[in-house]
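Single-structure report; data block below.
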Amino acid sequence: MSGGAGAGARGARGGVPVRDALDSALVALNAARVDTPRLDAEVLLAHALGADRTALVIDPEREVEGPAARWFRDAIRRRTVERVPVAYLVGRKGFRHLELDVDPRVLVPRPETELLVEAGLELPDGARVVDVGTGSGAVALALKHERPDLEITGTDVSPDALAVASANGERLGLAVAWVQADLFDGEFDAVLSNPPYVEEGAALAPELSHEPRAALFAGGDGLDVVRRLVERARGVATLAVEVGEGQADAVADLARAAGFLTVAKRPDLAGIDRVVVARC
Ligand code: SAM
Ligand code: GLN
């Protein structure tokens, strides 16, 4: 038979062993130059089988057949040809200690955004916190999970995003208030935000075309939303904003101009200044 995901020696029931299914998927993923071919193959196959990744290692002879084989083949096609992010294919993404449901109504939460949660962990007892542009609810929910004493609101302009966030909150049993708003309304002690910050017209990884435009783009220099957010946050005790590569100095200047007295930049694991924390 011709190559492609799922090709290999056919088992007695028409399936292929896990090992062969992974190998042929890897050929396709490598050829498509996705960033993390082995991880993607394992996460997708584990999902297809309703197992976890260690189960694949423990039992490489397990047969992949029937609906699982068909789902896996289709997922590898969508990953390699359409460049759909793995998180949308499996409908889940890990963030801090939580597993969040995600779909194309919301940005896939990124590991570097966990820095915003870390900034939130430093807040005083009982602080009123707003996560502006909450998307899947990642920051708001992870912070509530780790600091139940905080009073947390998640806002978004997108009602679709809020539907995803509130469903995550309900499923995880985490009490966050969800509010549709441009930026935020009302009084808070801290504003945390991963706003859209990509420059309009920037060359992007093909995966990003599957994510909501309103979650990514913010004008010619990517700072349209941040500029308004920093102004709106004037007088708030703590502001922590995620920024794009090369934007931290400009955003720190905006925060100082808005009257914040101490302004610090925090690097992500790649050494890129990723979060600006401002206090007044
Ligand atoms: N906080 C989530 C995360 O980190 O995974 C999602 C961040 S995503 C980069 C930005 C989010 O901000 C999107 O959900 C988008 O709909 C929302 N957004 C864009 N402009 C906004 C505005 N003016 N006010 C509130 N939310 C906004
Ligand atoms: N982290 C996203 C990227 O991959 C951008 C998210 C955002 O605009 N906040 O570029």
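Since this is a predicted model, take the numbers as computed values, not measurements. In each ligand, atom 1 is the first atom listed, and ligand 1 is the first ligand listed.
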Nearest neighbour in protein (non-hydrogen) for [atom]:
atom	value
atom 7 (C) of ligand 1	N194 O, 3.2 Å
atom 26 (N) of ligand 1	V157 N, 3.3 Å
atom 9 (C) of ligand 1	A215 O, 2.9 Å
atom 2 (C) of ligand 2	R110 NH2, 3.7 Å
atom 15 (C) of ligand 1	D156 OD1, 3.4 Å
atom 24 (N) of ligand 1	L183 N, 2.7 Å
atom 8 (O) of ligand 2	Y197 N, 3.0 Å
atom 23 (N) of ligand 1	D182 OD1, 2.8 Å

Does the N or O separation between [X] and ligand 1 drop below 3.5 Å for any pair?
X	answer
V225	no
D131	no
S136	no

Any chance the side chains of D52 and T54 put a donor and an acceptor closer than 3.5 Å?
yes
TODO: Using only heavy-atom distances, determine whether the side chains of E242 and Y197 contain a donor-acceptor pair under 3.5 Å.
DONE: yes
Ligand-residue contact atoms, ligand 2 with [X], heavy atoms, under 4.0 Å:
X	value
N194	7 (C), 9 (N)
P196	8 (O)
P195	7 (C), 8 (O), 9 (N)
L216	5 (C), 8 (O)

Establish, yes or no, whether the cationic atom of R279 lies under 6.0 Å from the six-membered ring centre of F260 and within 45° of the ring axis. no
Measuring from atom [atom1] of [X] to atom [atom2] of [Y], what distance do you get when rounded to the nearest 0.5 angstrom?
X	Y	atom1	atom2	answer
D273	D249	CG	CG	7.0 Å
R266	E112	CZ	CD	15.5 Å
E207	Y88	CD	OH	11.0 Å
E146	L174	CD	CG	10.5 Å
E231	L183	CD	CG	11.0 Å

Between G219 and D224 the two heavy atoms that sit nearest each other are CA-OD2, 3.3 Å
Below 4.0 Å from ligand 1: does a non-hydrogen atom of A181 turn up there or not? yes
Any heavy atom of A215 under 4.0 Å from ligand 2? The part involved is backbone
To atom 19 (C) of ligand 1, the nearest of A214, P159, G133 on a heavy-atom basis is A214
